[in-house]
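Just below is one structure, and these are the notes that go with it.
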Amino acid sequence: LMRIGHGYDAHVLVSGSGLVLGGVHIESKFSIEAFSDGDLIIHSLIDAILGAAGYEDIGSMFPSGDKKYRNISSRELLREVTKKMNEDSYVVTNLDITFIGKIPKLKNYVKEIRENIAKDLGIDFDRVNCKATTTDGLGFEGEGKGLSCHAVVLIEKDQD
């Protein structure tokens, strides 16, 4: 049984000293306004996985009002979702992530982002795709006010 899921996340950019995307800390004069580490790449991926498996959404599973998730690494959340999937005999077949933002440029970080996600999901590197785009100045991403990300994931349930 194969199932598909789509996830989306967006965050406001604020003055700061860096941000985390795909589990990679990127030095920057901006930060992401968020309750956790604000890793919108992993947040969109988690929501895609949860949707594909028919679980609750990320906010229900990891409520932002819960102190135990304050400043938590989103990779930790992804590993928890992976554990739940494995318990229910789901495995990620492949995934595709599209980061949308004028800044930062992800070109030098994409390989490490893919490696982090593959490791946390326990899948081969070639099953993980990540790319970035701008909006040519349109919308909050193009104006440099915020960032967003879409993720699409295909999961398979072992029928044994």
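Note that the numbering runs from 1 along the sequence shown for the chain.
- Minimum heavy-atom separation, Ile97 to Ile117: CD1-CD1, 3.5 Å.
- Across all their heavy atoms, Asp37 and His43 have their closest contact at OD1-NE2, 4.1 Å.
- Contact annotation: the side chain of Val24 approaches that of Asn116 to within less than 4.5 Å [non-hydrogen atoms, C-beta and beyond].
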### Task
Evaluate the criterion side chain to side chain contact (heavy atoms under 4.5 Å, CB included) for residue pair Leu106 and Lys131; output intermediate values, then yes/no.
CA-CA 8 Å; Leu106 282 195; Lys131 57 201 179 302; over 6 Å; no
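- Chaining together hydrophobic side chains whose heavy atoms lie under 4.5 Å apart places Ile4 alongside Met2, Val152, Leu154.
- With a 4.5 Å cut-off on side-chain heavy atoms, Leu13 and Lys145 do not count as touching.
- Panel note: side chain Thr82, backbone Leu78; a donor-acceptor pair is recorded below 3.5 Å.
- Of all the heavy atoms in Ala34 and Gly38, the pair that sits closest is CB-CA, 3.4 Å.
- Under the side chain to side chain contact (heavy atoms under 4.5 Å, CB included) criterion, Leu138 pairs with Thr135, not counting sequence neighbours.
- Donor-acceptor pairing under 3.5 Å is lacking for the side chains of Thr134 and Lys102.
- Lys111 has a carboxylate O that lies under 4.0 Å from a charged side-chain N of Glu115, or vice versa, which qualifies the two as a salt bridge.
- Side-chain contact between Ile32 and Val12 is absent, with no heavy-atom pair separated by less than 4.5 Å.
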### Query
Can Val92 and Asn94 be said to form a side chain to side chain contact (heavy atoms under 4.5 Å, CB included), step by step?
CA-CA 6 Å; Val92 172; Asn94 75 303; 5.6 Å; no
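- Residue Ser28 comes nearest to Leu19 through the heavy atom pair CB-CD2, 3.6 Å, listed as atom of the first residue, atom of the second, then distance.
- A 4.5 Å side-chain heavy-atom check between Asp96 and Val153 finds every atom pair outside the cut-off.
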### Message
Let's go through Lys84 and Tyr55 carefully: what are the C-alpha distance in whole Å and the side-chain angles of both, what is the deciding distance for side chain to side chain contact (heavy atoms under 4.5 Å, CB included) to 0.1 Å, and is it a yes or a no?
### Response
CA-CA 10 Å; Lys84 182 170 177 51; Tyr55 302 145; 3.7 Å; yes
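- Taken from CD1 in Ile46 to CG in Leu40, the straight-line distance is 11.5 Å, to the nearest 0.5 Å.
- Applying the ring pair (Phe, Tyr, Trp, His ring centres under 6.0 Å) test to residues at least two apart or on different chains, none of the pairs has a partner in residues 84-110.
- For the pair Met85 and Leu121, the tightest heavy-atom approach, listed with the atom from each and the gap, is CE-CD2, 4.3 Å.
- Here the side chains of Val81 and Phe62 are in contact, with some heavy-atom distance below 4.5 Å.
- For Ser44, the side chain to side chain contact (heavy atoms under 4.5 Å, CB included) partners at least two apart in sequence or on another chain are Asp9, Cys149, Ala151.
- Under the 3.5 Å distance criterion, the side-chain polar atoms of Arg3 are matched with a main-chain donor or acceptor of Ala52.
- Across every non-hydrogen atom of Gly16 and Ser31, the tightest pair is CA-OG, 3.3 Å.
- By the criterion of side-chain heavy atoms lying less than 4.5 angstrom apart, applied directly or through intervening Ile, Leu, Val, Met, Phe, Trp or Tyr residues, Ile113 is not grouped with Val20; the two fall into different hydrophobic clusters.
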### Query
Are Ile42 and Leu77 close enough, and set up right, to give a side chain to side chain contact (heavy atoms under 4.5 Å, CB included), and what steps lead you there?
CA-CA 9 Å; Ile42 291 185; Leu77 303 179; 5.9 Å; no
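- Every pair passing ring pair (Phe, Tyr, Trp, His ring centres under 6.0 Å) that includes a residue from residues 116-151 is listed here, sequence neighbours excluded: His6-His150, Tyr8-His150.
- Between the OG atom of Ser148 and the CD atom of Glu141 there is a distance of 3.5 Å, given to the nearest 0.5 Å.
- Every residue two or more places apart in sequence or in another chain was checked for a side chain to side chain donor-acceptor pair (under 3.5 Å) with Asn86, and none qualifies.
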